[in-house]
Amino acid sequence: MATETVAKPRTSARVGVQKFGTFLSGMIMPNIGAFIAWGLITALFIEKGWIPVPALGGFGTNADGDPNGGIVGPMVTYLLPILIAYTGGRMVYDVRGGVVGAIATMGVIAGTDSPMFIGAMIMGPLGGWTMKKIDAIWDGKIRPGFEMLVNNFSAGIWGAALALGGFYGLALVVKWFTDGAGLVVEFLVNNGLLPLTSIFIEPAKVLFLNNAINHGVLTPLGIQQSLEQGKSILFLLEANPGPGMGILLAYMFFGRGAARASAPGAAIIHFLGGIHEIYFPYVLMKPILILAAIGGGMAGIATLSITNAGLVAPAAPGSIIAVLAQTARDSYLGVILSVILATTVSFLIASVILRASKNTGEDDLSAATSRMEAMKGKKSSVSSALVGDRAGEQAGTSGAQPGTVLTRPVQNIVFACDAGMGSSAMGASVLRNKIKAAGFPDVKVTNSAIANLNDTYDVVVTHQDLTERAQPRTSSAVHYSVDNFMNSPKYEEIVELVRSSNSEGAAAETGTTAAPAGDAQPTAAATSAAAGHGAHVAQQTAAVEGQAAEGKGVLLRESVVLNGTAADRDAAIDEAGKLLLDRGAVDVSYVHAMHEREESVSTYMGSFLAIPHGTNDAKEHINHSAVSIIRYPEGIDWGGKQVKFVVGVAGLNNEHLHILSSIAKIFTNKAQVAQLEEATTVDEVLELFRKVNA
């Protein structure tokens, strides 16, 4: 059957930049403990430290007259880059990728006398990615008994080749880049221009591009400078909590409504907790307040430049506690002054703006949070922590993502955010306490970076627009999208899901489906969405029966294809959408929306099933409810998963909930899935799906 080709929606370039920054952060953040350890040892034992020890700090000579090597230099030269490289390689290709990435990085480390952080950020992921591609060449072709031999030697040979390439090639390129960037920084410092970097850094923070700037450029350059001078100003260009603190103080004195009421709590989280994103919605309520952040940032950097102050290592998170812990011995006055003056200047500018404005913050913070998230392409958890979940409710948020039915007791819940720290850790703590109070202390609640997720969790909680990045990594889990991690009402739904899934006979009460006998894979159709939308099955059934009486049954013979012709996911969506189009159930815009939905959240459900459907905004393009069923006996690739059944769904009003519930009951039954695979006539398929029309 010829199918109509529908163009795929394009992914925002801004989201791509943010993902790149998140990837860079994902290599650094798990190793922050090592950076702190190095910073503390440096602050204590180098020649200019608090307790100078030649054997540890690496200065002077020993009893034999040989130079002391110390541990400061080896840690920054070998330990930190190799940890970064291993983490980056593991993110791409698990432990095997991490090992090859670490081997490859030794080449760039030995090829130059500069700390190779940028080289590690390149060679680590490159080693993992290339090893993954090489393994794919002979996947399934190795004779039994030779797997270990081939795997070990291939990793060793390729790692050695990359190390040689790094030594003779990339090391020189990275050194050239590092030296060039260092000259630019030196020029800015010598000419008093470094404060101007706030013009770029402060807006970048609000747009969540700070990870790419801070961890991709400033941290490597700062460590190089710290190694040479014992401290670096670069560590505080982005991490200074002063600019945000000034804005929050201005709201405390001159704001109104929810903004003023929540500002004190936000200030504590920002200044002591170091989670800077908490103040972003306050800026987005009045975008002109970015001038206050820029002014405060410039004042702080100018103070650091004048006093020649700096940190010995990165301050992460950007808490005043972390800043003071990493401050160089001779820089406490300058660092403290930089925070105070940055706060003061930011406060004064923000105060003038708020007092001169007719609207001084009466708008609901949740609305400002939504505007911020629209600008940056994703949701921020803690920025709405103090204003509740109202924005999500206004936007139609419904808790569990459509397309999830749990077929097992909930034992493992994960909160996922960009870095796996801060906001997700707070959310995990809140829910962990609620679940323990409900009497389920054995249910594990953890937090993780999205980049580190795998498909082993029962429930995944993410902030609303981060779900599209978490879903492909955890396709068999129930996904909950919340508007904040602190006090979301969705937590009560999750607690109820834990209670019901761990109790006998609870499936019918909570929208979870008991696992069938045998080892059927868990599936995910949208029965849990019914609770979120508050739909009434009786009303849905009556509406569907009315359609059937008019000759518009939800599933008709002409909408069932036993041997689909599509060869890939996008063509299969077109094929399923074409069947809906041919029936007049939808118009072509709905098929476009089916592709848009697939780009944001995979509709793969498990048990060889995918249920492509349109976005919520596409409901106006549905004329009447309909389902199309296409079987692909040989299976097609659906984002790395094998799919044999593609069920296209268009539901008018809330009828799709009834449709998906019926489909879920079929695909959670191993015997019925086998019958679908073996069916030779359309009538056999219609018999199994008869409840869709019931």
Side-chain angles (χ1 to χ4, degrees), residues 8 11 16 19-20 23-24 26-27 81-111 116 118-171 173-174 450-456 469 471-476 521 565-572 598-599 602 604 606 608 610 632-644:
K8 294 170 61 178
T11 302
K19 287 182 178 179
F20 174 70
F23 186 81
L24 293 179
M27 286 188 277
I82 290 176
L83 282 175
I84 291 171
Y86 178 82
T87 305
R90 184 171 181 174
M91 288 167 63
V92 176
Y93 193 36
D94 206 14
V95 173
R96 185 168 171 80
V99 171
V100 174
I103 296 170
T105 300
M106 274 305 302
V108 295
I109 290 175
M116 277 290 103
I118 295 177
M121 289 180 174
I122 297 172
M123 294 303 287
L126 178 64
W129 181 79
T130 52
M131 192 71 251
K132 183 177 182 179
K133 295 299 181 183
I134 291 172
D135 282 349
I137 296 174
W138 48 68
D139 184 34
K141 301 175 183 178
I142 305 174
R143 289 180 178 273
F146 288 85
E147 294 90 349
M148 183 176 295
L149 180 68
V150 173
N151 288 338
N152 287 343
F153 270 86
S154 61
I157 292 170
W158 184 241
L162 288 176
L164 292 174
F167 183 87
Y168 287 109
L170 185 63
V173 175
V174 174
I450 288 178
N452 297 331
L453 288 176
N454 54 57
D455 202 11
T456 61
R469 288 159 55 188
Q471 184 89 17
R473 296 175 176 270
T474 52
S475 56
S476 67
Q521 298 177 9
T565 60
D568 57 35
R569 182 195 71 179
D570 294 330
E598 200 63 40
E599 287 295 317
S602 174
Y604 172 76
F608 308 117
Y632 299 92
E634 301 302 320
I636 58 175
D637 178 72
W638 201 282
K641 307 289 186 179
Q642 186 184 36
V643 165
K644 294 185 178 180

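Keep in mind the model is a prediction, meaning the values are calculated, not measured.
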side-chain hydrogen bond (donor to acceptor under 3.5 Å, both in side chains) against [X], all qualifying residues, sequence neighbours excluded:
{"X": "Lys641", "value": "none"}
{"X": "Tyr86", "value": "none"}
{"X": "Asp568", "value": "none"}

Distance, nearest 0.5 Å, that separates NZ of Lys644 from CZ of Phe608: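 It is 5.0 Å, given to the nearest 0.5 Å.
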
Rounded distance [0.5 Å steps], CE in Met123 versus CD1 in Ile84: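 Reported value, rounded in 0.5 Å steps: 14.5 Å.
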
Criterion side-chain contact (heavy atoms from CB on, under 4.5 Å) against Leu162, the qualifying member of Ile103, Val100, Val108: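 Among Ile103, Val100, Val108, the one that satisfies the side-chain contact (heavy atoms from CB on, under 4.5 Å) with Leu162 is Val100.
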
Run the side chain to side chain contact (heavy atoms under 4.5 Å, CB included) test against [X] and tell me which residues pass, sequence neighbours left out.
{"X": "Val643", "result": "Tyr604, Ala610, Ile636, Trp638, Val646"}
{"X": "Ala85", "result": "Thr105, Ala120"}
{"X": "Leu83", "result": "Asn31, Ala34, Leu79"}

Test item: Met27 and Pro125 side chains (from C-beta on) under 4.5 Å apart, heavy atoms: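 A side-chain contact under 4.5 Å exists here.
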
Side chain to side chain contact (heavy atoms under 4.5 Å, CB included) between Ile134 and Met131, intermediate numbers included: CA-CA 5 Å; Ile134 291 172; Met131 192 71 251; 4.0 Å; yes

Side chain to side chain contact (heavy atoms under 4.5 Å, CB included) evaluation trace for Ile122 with Leu170: CA-CA 9 Å; Ile122 297 172; Leu170 185 63; 3.9 Å; yes

Which atom of Tyr93 lies closest to which atom of Gly128, heavy atoms considered: CB-O, 3.4 Å

Result block: side-chain N/O donor-acceptor pairs under 3.5 angstrom for residues 148-155, not counting sequence neighbours:
residue	atom	partner	partner atom	Å
Asn151	ND2	Glu147	O	3.2
Asn152	ND2	Met148	O	3.4
Ser154	OG	Arg96	NH2	2.8
Ser154	OG	Val150	O	2.8
Ser154	OG	Asn151	O	3.0

Full working for side chain to side chain contact (heavy atoms under 4.5 Å, CB included) between Gln642 and Asp637: CA-CA 5 Å; Gln642 186 184 36; Asp637 178 72; over 6 Å; no

Residues that Asp94 engages under salt bridge (Lys or Arg N to Asp or Glu O under 4.0 Å), provided they are two or more places apart: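 Here the qualifying residues are Arg90.
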
Selection residues 119-129 - residue pairs positive for side-chain hydrogen bond (donor to acceptor under 3.5 Å, both in side chains), sequence neighbours left out: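 As it turns out, there is no side-chain hydrogen bond (donor to acceptor under 3.5 Å, both in side chains) pair with a partner in residues 119-129 once direct neighbours are skipped.
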
Qualifying side-chain hydrogen bond (donor to acceptor under 3.5 Å, both in side chains) pairs with a residue from residues 159-171, counting only residues at least two apart or across chains: none

